[in-house]
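These numbers come from the heavy atoms of this one structure, side chains and all, not from hydrogens, waters or symmetry mates.
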Amino acid sequence: MKKKKLVMALTAVMASSMLLVACGNDNSNDNKSSDSKQSDTTKTAGKTDGTMTDGTYKLQEKNFDDKGWKGFMTITVKDNAITKSDYNYENKDGKLKTDDADYEKNMKAKVGTGPQEYIPALNDSLVAKQSAADVEVVTGATHSSDSFINYSNQLIQAAQRADTATIEINNGATLQDGKYSLEEQNYAHNYRLVFNMEVKDGKITSSDYNYVDKDGKKKTDDADYEKNMKSKAGVGPQEYIPALNKALVDKQNPADVAVVTGATESSNSFRIYAAQLYNATQSGNTDMIKVYNKVEAE
């Protein structure tokens with residue numbers, strides 16, 4: 001089975017619609033419920049340094065897709081490490097996709113892999129890598145891999161907040177009008193990520209993704225940063241940040257945003273956080289998402 005690696009600077013924070021849940025599984029349920037923020041919150045003492053609290057963290061999709069499946073995921077954390085990942089799909093009878101012999105046969109014949117291969121591979125990859133960003137995308141199961149990375153990101157964030165409430169994803173729902181925002185709380189290399197998205201008439205009309213320093217200065221306004229990065233990578237924040245924002249508005253789907261050459265890590269960061277905000281728009285949850293990102297020693 002071929003795999004390719006998503007690489008990015010984000011640490012354990014890591015974020016469908018990407019929510020495209022197995023190859024070709026477009027969700028058709030147009031549920032506009034706004035009650036899918038999270039179930040009753042259960043918290044112990046939350047942390048702010050990006051480390052995870054021991055516990056079991058759960059996520060589930062609310063709606064069955066057009067093929068009769070909905071996804072769910074659980075991670076177990078012990079001693080600030082993910083010790084178990086259980087990601088799968090179930091039908092209305094509670095049957096798991098990994099146990100569906102016909103689905104396995106048909107998918108494998110078309111793309112060379114099936115749920116019996118790619119689902120365990122994704123679960124194993126998260127435990128091995130300990131980071132959503134570093135999960136290896138399974139060839140032939142790109143959409144499911146994207147969903148897995150998004151959901152892993154959100155569960156890791158829950159573990160960083162010590163919040164064991166089940167995260168509910170209103171998959172397949174129309175985007176609800178409003179302004180949505182996400183912000184990292186900790187600075188890395190003098191910057192933290194901020195991301196604002198606006199939806200009107202069910203479409204993403206603006207995307208404002210950037211990085212700010214402690215004085216509120218944007219990375220796109222940092223001439224020295226631009227000069228140094230561009231000399232090394234051929235592109236700087238003045239080019240790749242507007243390109244990513246424009247691509248999201250044009251494509252209307254984080255999964256379809258192309259990686260900017262020379263800014264792979266930032267592009268993948270953008271895609272993961274955009275997926276998380278996309279889920280927020282499906283639920284109409286306009287609460288600002290605070291990400292307690294873990295910062296390695298600099």
Side-chain angles (χ1 to χ4, degrees), residues 10 13-21 26-27 29-41 43 46 57-63 65 70-73 132-133 143 146-161 163-185 192-211 244-245 247-257 268-293:
L10 278 175
V13 294
M14 301 280 78
S16 93
S17 292
M18 283 175 198
L19 283 183
L20 300 161
V21 283
D26 288 327
N27 295 311
N29 196 325
D30 189 26
N31 185 349
K32 282 194 174 183
S33 171
S34 60
D35 63 354
S36 58
K37 297 176 183 178
Q38 283 194 349
S39 59
D40 293 339
T41 301
K43 286 187 179 181
Y57 301 90
K58 300 179 180 180
L59 176 151
Q60 64 184 22
E61 293 179 344
K62 294 184 66 177
N63 310 309
D65 63 26
K70 66 177 179 179
F72 64 87
M73 186 171 181
H143 296 324
D146 285 341
S147 290
F148 179 87
I149 291 166
N150 173 26
Y151 294 165
S152 298
N153 170 49
Q154 295 193 46
L155 285 170
I156 289 170
Q157 288 179 18
Q160 290 168 327
R161 298 190 307 269
D163 188 349
T164 57
T166 299
I167 299 169
E168 294 187 331
I169 303 295
N170 197 17
N171 54 307
T174 298
L175 310 192
Q176 296 192 35
D177 292 359
K179 295 180 179 180
Y180 302 86
S181 60
L182 177 152
E183 293 186 3
E184 291 180 341
Q185 302 302 296
R192 66 185 178 92
L193 181 147
V194 295
F195 200 155
N196 297 291
M197 178 189 297
E198 186 168 2
V199 173
K200 290 182 180 179
D201 299 326
K203 292 185 178 297
I204 300 169
T205 56
S206 70
S207 172
D208 182 12
Y209 149 85
N210 214 315
Y211 298 83
L244 291 169
N245 283 319
L248 181 59
V249 175
D250 289 345
K251 300 295 185 181
Q252 293 291 307
N253 189 333
D256 295 333
V257 173
N268 287 329
S269 172
F270 177 90
R271 283 161 51 96
I272 288 178
Y273 281 145
Q276 185 172 2
L277 279 174
Y278 193 97
N279 289 156
T281 71
Q282 291 174 309
S283 298
N285 182 6
T286 56
D287 294 342
M288 197 263 280
I289 300 169
K290 294 183 178 181
V291 179
Y292 293 98
N293 51 309

[X] side chain near [Y] side chain, heavy-atom distance below 4.5 Å:
{"X": "Tyr278", "Y": "Asn150", "result": "no"}
{"X": "Phe270", "Y": "Leu193", "result": "no"}
{"X": "Asn210", "Y": "Asn196", "result": "no"}
{"X": "Glu198", "Y": "Lys200", "result": "yes"}
{"X": "Arg271", "Y": "Ile149", "result": "no"}

To the nearest 0.5 Å, what is the distance between [atom1] ([X]) and [atom2] ([Y])?
{"X": "Ile169", "Y": "Met73", "atom1": "CD1", "atom2": "CE", "answer": "11.5 Å"}
{"X": "Leu248", "Y": "Asp208", "atom1": "CG", "atom2": "CG", "answer": "11.5 Å"}
{"X": "Gln154", "Y": "Gln276", "atom1": "CD", "atom2": "CD", "answer": "4.5 Å"}
{"X": "Arg192", "Y": "Glu183", "atom1": "CZ", "atom2": "CD", "answer": "4.5 Å"}
{"X": "Asn293", "Y": "Gln185", "atom1": "CG", "atom2": "CD", "answer": "8.0 Å"}
{"X": "Thr174", "Y": "Lys203", "atom1": "OG1", "atom2": "NZ", "answer": "10.0 Å"}

For the student: nearest non-hydrogen atoms of [X] and [Y], plus distance:
{"X": "Ser181", "Y": "Met288", "answer": "OG-CG, 3.0 Å"}
{"X": "Asp146", "Y": "Ala255", "answer": "OD2-CB, 4.0 Å"}
{"X": "Lys70", "Y": "Lys62", "answer": "NZ-O, 3.9 Å"}

**Message:** Just to verify, which of Leu175, Ile204, Thr281 counts as forming a side chain to side chain contact (heavy atoms under 4.5 Å, CB included) with Tyr180?
**Reply:** Thr281
**Prompt:** So, the side chain of Asn63 versus the backbone of Asn171: is there a donor-acceptor pair under 3.5 Å, distance only?
**Reply:** yes
**Asked** Within the distance-only criterion (no hydrogens, no angle test), does the side chain of Asp177 pair as donor or acceptor with the backbone N or O of Asp201 below 3.5 angstrom?
**Response** yes
**Item:** Tyr273 and Phe195 aromatic centres sub-6.0 Å
**Value:** no
**Asked** Given the side-chain rings of Phe72 and Tyr151, with only the six-membered ring counted for Trp, is the space between their centroids under 6.0 Å?
**Response** no
**Message:** Under the criterion side-chain hydrogen bond (donor to acceptor under 3.5 Å, both in side chains), I'd like the reasoning laid out for Asn279 against Asn170: C-alpha separation, chi angles, the key distance, then a yes or no.
**Reply:** CA-CA 7 Å; Asn279 289 156; Asn170 197 17; over 6 Å; no
**Request:** Check step by step if side chain to side chain contact (heavy atoms under 4.5 Å, CB included) holds for Glu168 and Gln60.
**Result:** CA-CA 5 Å; Glu168 294 187 331; Gln60 64 184 22; 3.4 Å; yes
